[in-house]
Amino acid sequence: KENNDGTINGDPIWNSSGKYGGAYEFDVVGDVITKSGAALPNITDNGTICMWIKINEYPASANAGQRGNLFEAWRGGSDVWFFGITTIGELYMGQYSSDNVVAGGVSLNEWTFACGTWNQSDFGIYQNAVFQGSDGTGGIPYDCYDYRIGLPFNAEPGFNGSIDEVMIFNTSLTAQQITDIYNNQSA
């Protein structure tokens, strides 16, 4: 509940028929919500990002699919961590120049609750509150000051679909906490 509202760039459309209230609809080309100039508090060692997503089309480019087409955080001109969708609908999370986790299988045209967690030992992915997998590389090495939803910093195309209720926590949520959020927002 910090003052972390972003700035709309391009023409993402606010749609009142989101999963939980309204959602922003992104159309691949230049649609992005940005937040710059302030680090999110205390998320380097442990954290969680969750959001509801509805994909209209998987990314056409492998580069964009393996970057943060859902969310990307930067510091000083290089990406530090990212969360996205691959060309075949898998959730993807990782950090710059390290091993990353790819897991799950998000269907087209259906609302999906996507979460990525990290701690000092690994990244993990949850889809609809079900653990999908993890890797042995964790922690985010730096505070970041630039954030993007819907479009990677250095790559097109962006996300094609709707994103609702982006939440970032400064703790690595447990499976039960993710399930509780999923159940409380899916009704």
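Nothing here was measured: the structure is a model prediction, and the numbers come from that model. Along the sequence shown, the residues carry numbers beginning at 1.
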Student: Among residues at least two apart in sequence or on other chains, which ones pass side-chain hydrogen bond (donor to acceptor under 3.5 Å, both in side chains) with Thr179?
Tutor: none
Student: Once you round to the nearest 0.5 Å, how far does NZ of Lys19 lie from CD of Glu165?
Tutor: 12.0 Å
Student: Can you name the side-chain contact (heavy atoms from CB on, under 4.5 Å) partners of Gln177, sequence neighbours left out?
Tutor: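 Applying side-chain contact (heavy atoms from CB on, under 4.5 Å) to Gln177 gives Leu173, Thr174.
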Student: Does any non-hydrogen side-chain atom of Ile85 lie less than 4.5 Å from one of Leu91?
Tutor: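 The answer is yes; the side chains approach within 4.5 Å.
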Student: Please list, one pair per line, the donor and acceptor atoms closer than 3.5 Å that link side chains of residues 21-30 to other protein atoms, with sequence neighbours excluded.
Tutor:
unit_1, atom_1, unit_2, atom_2, d
Glu25, OE1, Asn15, ND2, 3.3
Asp27, OD1, Val29, N, 3.4

Student: Ile49 versus Met93: any side-chain heavy-atom pair under 4.5 Å?
Tutor: yes
Student: Hey, does the side chain of Thr117 reach the backbone of Thr48 with a donor-acceptor pair shorter than 3.5 angstrom?
Tutor: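 No, Thr117 side chain to Thr48 backbone: no donor-acceptor pair under 3.5 Å.
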Student: Mark yes or no for whether Asp31, through its side chain, and Asp11, through its backbone, hold a donor-acceptor pair below 3.5 Å.
Tutor: yes
Student: So which atom in Gly124 and which in Ser134 form the shortest heavy-atom distance, rounded to 0.1 Å?
Tutor: CA-CB, 4.0 Å
Student: Any side-chain heavy-atom pair from Phe71 and Ile163 closer than 4.5 angstrom?
Tutor: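 Counting from C-beta outward, Phe71 and Ile163 never come under 4.5 Å.
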Student: Write down the atom of Phe83, the atom of Cys115, and the distance for their closest heavy-atom approach.
Tutor: CZ-C, 3.7 Å
Student: With no hydrogens and no angle check, is any side-chain donor or acceptor of Asn170 less than 3.5 Å from a backbone partner on Gly47?
Tutor: no
Student: To the nearest 0.5 angstrom, please state how far the CD1 atom of Ile168 sits from the CE atom of Met51.
Tutor: 7.5 Å
Student: Return the minimal non-hydrogen interatomic distance between Thr87 and Tyr58, and the atom names on each side.
Tutor: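 The answer is O-CB, 3.3 Å.
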Student: With sequence neighbours left out, what residues match Asn160 under side-chain hydrogen bond (donor to acceptor under 3.5 Å, both in side chains)?
Tutor: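 Asn160 satisfies side-chain hydrogen bond (donor to acceptor under 3.5 Å, both in side chains) with Asn56, Glu57 once adjacent residues are dropped.
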Student: With a 4.5 Å cut-off on side-chain heavy-atom distances among I, L, V, M, F, W and Y, is there a chain of contacts connecting Tyr182 to Met167?
Tutor: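 Shared cluster, yes.
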Student: In terms of ring plane angle, is the pair Tyr126 and Phe131 parallel, tilted or perpendicular, where the classes change at 30° and 60°?
Tutor: perpendicular
Student: Could you walk me through whether Ile55 and Phe159 pass the side-chain contact (heavy atoms from CB on, under 4.5 Å) test, one step at a time?
Tutor: CA-CA 8 Å; Ile55 303 170; Phe159 180 69; 3.8 Å; yes
Student: Check whether any side-chain heavy atom of Ser162 sits under 4.5 Å from a side-chain heavy atom of Trp111, and report yes or no.
Tutor: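 In short, these two side chains touch, coming nearer than 4.5 Å.
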Student: Nearest heavy-atom pair of Ile178 and Ala129: which atoms, and what distance?
Tutor: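 Where Ile178 meets Ala129 most closely, the heavy atoms are CG2-CA, 3.9 Å.
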Student: Parallel, tilted or perpendicular: which describes the rings of Trp118 and Phe123, with under 30° parallel and over 60° perpendicular?
Tutor: tilted
Student: Rounded to the nearest 0.5 Å, what separates atom OG in Ser172 from atom CG in Asp122?
Tutor: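 Reported value, rounded in 0.5 Å steps: 8.0 Å.
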Student: Could you tell me the separation between the CG atom of Asn109 and the NZ atom of Lys54, rounded to the nearest 0.5 Å?
Tutor: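 Asn109 atom CG to Lys54 atom NZ measures 6.5 Å (nearest 0.5 Å).
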Student: Test your reading of the model: is there a side-chain donor-acceptor pair from Asp164 to the backbone of Tyr20, 3.5 Å cut-off?
Tutor: yes
Student: Checking Ser16 now: which residues fulfil side-chain contact (heavy atoms from CB on, under 4.5 Å) with it, not counting sequence neighbours?
Tutor: none
Student: Just jot down the side-chain hydrogen bond (donor to acceptor under 3.5 Å, both in side chains) partners of Ser107, sequence neighbours excluded, or say none.
Tutor: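 Not a single residue meets the side-chain hydrogen bond (donor to acceptor under 3.5 Å, both in side chains) criterion with Ser107.
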